[in-house]
Amino acid sequence: MDYMLSFDIHSPEQEIHSTKYLAKGVRVFVKRDDLIHPFISGNKWRKLKYHLIEAKRLEKKKLCTFGGAWSNHLLATACAGALFGFKTKAFVRGEQVNNPVLSLCQVYGMELEFVSRESYRNKEELKSIVKDKDTFIIEEGGFGPLALNGCEELIYELANKYNHLFVASGTGTTTAGLQKGLNNSNLTTTLHTVPVLKNGEFIRTEIESLGVSSQQIEFHTDYHFGGYAKSKPELLEFIKTFVAQTGILIEPTYTGKLFYAVDDLIQKDYFRPNDKILILHTGGLTGFLGMYERFTF
């Protein structure tokens with residue numbers, strides 16, 4: 001089991017030096033989880049870690065999961081399977097397509113099975129197809145209590161104390177894990193989440209289903225830019241400017257919306273002078289490949 005724990009995590013807290021943030025009297029830092037691994041990065045690793053440990057404990061030989069055609073979770077699972085000695089399979093939502101992310105999944109040895117959107121909604125039936133003594137099933141996006149444990153650990157790594165911690169959310173798992181870690185550490189840091197889908201308040205229910213209260217969490221639901229994987233020119237322009245000025249790559253689906261939200265809130269004087277803000281970079285940068293054509297230069 002020891003080699004499972006030898007995964008080299010390199011995730012510093014990096015300050016963004018910006019004159020506009022300085023003018024507002026706040027300091028902004030980034031927890032660079034995107035640096036953990038090229039493909040098993042950010043919250044993808046944190047959500048997978050205890051799934052992998054449990055699969056090893058149960059002596060499973062194969063991992064099976066679910067996702068869309070551009071899913072960073074699929075790629076992370078494929079790569080982790082190859083690295084830690086599992087075969088991997090994924091049910092992919094929608095018609096059969098080829099793209100760089102799915103090609104990388106296959107390079108890492110993942111078996112892909114494309115299913116209709118209707119069939120995909122009935123995941124219990126799909127699970128029954130692969131349910132055997134050798135297969136360990138991981139929910140879409142790594143959702144679940146095991147993922148919660150991995151995300152919680154991030155709080156215990158922090159070298160500094162912050163007034164605010166920001167994270168993007170799709171399912172709420174990472175947000176729930178972070179709040180659990182804050183609670184267990186007795187920290188007064190306020191956790192903020194930026195849902196990347198429309199009507200993001202539903203994530204409260206997801207968080208509660210994992211046994212974590214959402215009452216202390218601040219939700220910022222106006223930064224979805226039209227919905228999941230949707231964007232607008234102002235978001236794309238922000239991403240281009242931010243990346244060129246900081247050298248930190250972000251993408252339009254998750255991290256771009258997150259960093260835009262923090263920047264916008266700073267300009268609107270949401271924070272108090274001398275506040276220290278930490279933004280969690282959740283990785284998933286291969287998502288840029290599916291949206292690069294939207295950018296104009």
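Note that these values count all heavy atoms, side chains included, but never hydrogens, waters or copies made by symmetry.
If you run side chain to side chain contact (heavy atoms under 4.5 Å, CB included) between L278 and each of V30, V262, L165, only L165 comes through. Of the candidates I138, L48, I137, I138 is the only one forming a side chain to side chain contact (heavy atoms under 4.5 Å, CB included) with T65.
Closest of all the heavy-atom pairs between A261 and V194 is CB-CG2, 3.9 Å. The minimum heavy-atom distance linking S169 with L197 is given by the pair O-CD1, 4.2 Å. The two atoms that bring L210 and A176 nearest to each other are CD1-CB, 4.0 Å, heavy atoms only. Between H281 and L285, the shortest heavy-atom contact is CE1-CD2, 3.8 Å. Scanning both residues, T171 and T173, for their nearest heavy atoms gives OG1-OG1, 3.0 Å. Counting all heavy atoms, side chain and backbone alike, S41 lies closest to G283 at OG-CA, 3.5 Å.
Side-chain contact between V26 and I277: present, with at least one pair of heavy atoms (C-beta onward) separated by less than 4.5 Å. A 4.5 Å side-chain heavy-atom check between K31 and E157 finds at least one atom pair inside the cut-off. Using a 4.5 Å heavy-atom cutoff, the side chains of R27 and Y21 are not in contact. With contacts defined as side-chain heavy-atom distances shorter than 4.5 Å, the pair Y223/L235 does not qualify. Between V97 and F114, the closest side-chain pair of non-hydrogen atoms falls below 4.5 Å. Put simply, the side chain of D264 does not reach to within 4.5 Å of the side chain of F259, judged on heavy atoms. For the pair T282/T255, a side-chain contact is recorded, criterion being any heavy-atom separation below 4.5 Å from C-beta on. The closest side-chain heavy-atom distance from P252 to I239 is below 4.5 Å.
A donor-acceptor contact closer than 3.5 angstrom is absent between the side chains of N149 and E153. A donor atom on one side chain and an acceptor atom on the other are found under 3.5 Å apart for Y120 and E140. Looking at D33 and S11, their side chains do bring a donor and an acceptor atom within 3.5 Å of each other. For the residue pair Y260 / E234, no side-chain donor-acceptor distance below 3.5 Å is found, with atom types taken as modelled.
Each of L112 and L104 belongs to its own hydrophobic cluster when Ile, Leu, Val, Met, Phe, Trp and Tyr are linked at side-chain heavy-atom distances under 4.5 angstrom. No single ILVMFWY cluster, assembled from side-chain heavy atoms under 4.5 Å apart, contains both F225 and W70. Tracing side-chain contacts under 4.5 Å through hydrophobic residues (I, L, V, M, F, W, Y), one reaches I207 starting from L148; they form part of the same cluster. F39 and L35 are assigned to two separate hydrophobic clusters, defined by single-linkage of ILVMFWY side chains at heavy-atom distances under 4.5 Å. Linking ILVMFWY residues whenever their side-chain heavy atoms come closer than 4.5 Å, directly or via other members, places L63 and W45 in the same cluster.
Considering CD of E54 and NE2 of H51, their distance stands at 9.0 Å, rounded to 0.5 Å. Note that OG1 of T174 and CG of L154 are 9.5 Å apart. Values are rounded to the nearest 0.5 Å. Atom OG1 in T190 sits 9.0 Å away from atom CD in Q179 (nearest 0.5 Å). Atoms CG and SG, on D134 and C64 in that order, are 13.0 Å from each other to the nearest 0.5 Å.
Ion pair K47/E139 not flagged as a salt bridge, since none of the NZ, NE, NH1 or NH2 atoms sits closer than 4.0 Å to an Asp/Glu carboxylate oxygen. The pair E124-K131 fails the salt-bridge criterion, with no side-chain N (NZ, NE, NH1 or NH2) lying under 4.0 Å from an Asp/Glu carboxylate O.
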Donor-acceptor pairs under 3.5 angstrom involving side-chain atoms of residues 76-92: please list them, not counting sequence neighbours.
| from | atom 1 | to | atom 2 | distance (Å) |
| --- | --- | --- | --- | --- |
| T77 | OG1 | H73 | O | 2.8 |
| K89 | NZ | E111 | OE2 | 3.1 |
| K89 | NZ | E113 | OE1 | 2.7 |

Indicate every side-chain donor-acceptor pair of residues 211-219 with a distance under 3.5 Å to a residue at least two apart or in another chain.
| from | atom 1 | to | atom 2 | distance (Å) |
| --- | --- | --- | --- | --- |
| S213 | OG | Q215 | N | 3.2 |
| S214 | OG | R204 | NH1 | 3.4 |
| S214 | OG | E208 | OE2 | 2.9 |

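Although no hydrogens or angles enter the test, the distance criterion places a donor-acceptor pair under 3.5 Å between the side chain of E251 and the main chain of T253. Without hydrogens or angle criteria, T189 side chain to Y162 main chain gives a donor-acceptor distance under 3.5 Å. Checking side-chain atoms of N43 against main-chain N and O of R46 turns up no donor-acceptor pair under 3.5 Å. When atom types are taken as modelled, the side chain of D275 and the backbone of R272 share a donor-acceptor pair closer than 3.5 angstrom. Using modelled atom types, no side-chain atom of S103 and backbone atom of P100 make a donor-acceptor pair closer than 3.5 Å. Within the 3.5 Å criterion, the main-chain N or O of G68 finds no donor-acceptor partner in the side chain of S71. The backbone N or O of G284 lies less than 3.5 Å from a partner atom in the side chain of N72, making a donor-acceptor pair.
Atom CD of E118 sits in a sparse spot, with 12 or fewer heavy atoms from other residues, nucleotides or ligands closer than 6.0 Å. Enclosure of atom CG in D132 by more than 12 non-hydrogen atoms of other residues, nucleotides or ligands within 6.0 angstrom is indicated. The number of heavy atoms from other shown groups lying within 6.0 Å of NZ (K62) is above 12. For N160, the CG atom counts as densely surrounded, since its 6.0 Å shell holds more than 12 non-hydrogen atoms of other residues, nucleotides or ligands.
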Is there a side-chain contact (heavy atoms from CB on, under 4.5 Å) between L126 and V115? Walk through the geometry before answering.
CA-CA 9 Å; L126 295 177; V115 297; 4.2 Å; yes
Test side-chain contact (heavy atoms from CB on, under 4.5 Å) on L58 and F136; report intermediate values, then the result.
CA-CA 9 Å; L58 296 173; F136 186 85; 4.0 Å; yes
side-chain contact (heavy atoms from CB on, under 4.5 Å) assessment of L191 paired with L182
CA-CA 8 Å; L191 180 61; L182 290 171; 3.9 Å; yes
One pair to check against ring-ring contact (aromatic ring centres under 6.0 Å, His included): F288 and F295. What are the steps and the verdict?
CA-CA 10 Å; F288 181 87; F295 288 84; 5.2 Å; yes
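Legend: residues meeting side chain to side chain donor-acceptor pair (under 3.5 Å) with R294, ordered by chain and number and at least two apart, are S231. For K20, the side chain to side chain donor-acceptor pair (under 3.5 Å) partners are D263, not counting sequence neighbours. With sequence neighbours excluded, the residues satisfying side chain to side chain donor-acceptor pair (under 3.5 Å) with K240 are E237.
Annotation: salt bridge (Lys or Arg N to Asp or Glu O under 4.0 Å) contacts involving residues 178-199, sequence neighbours excluded, comprise E152-K180.
F143 and F66 have their aromatic ring centers separated by at least 6.0 angstrom. Aromatic rings of Y270 and H220 (six-membered ring for Trp) have centroids within the 6.0 Å cut-off, being under it.
Figure legend: K276 and F29 shown as a cation-pi pair, the cationic atom lying under 6.0 angstrom from the six-membered ring centre and within 45 degrees of its axis.
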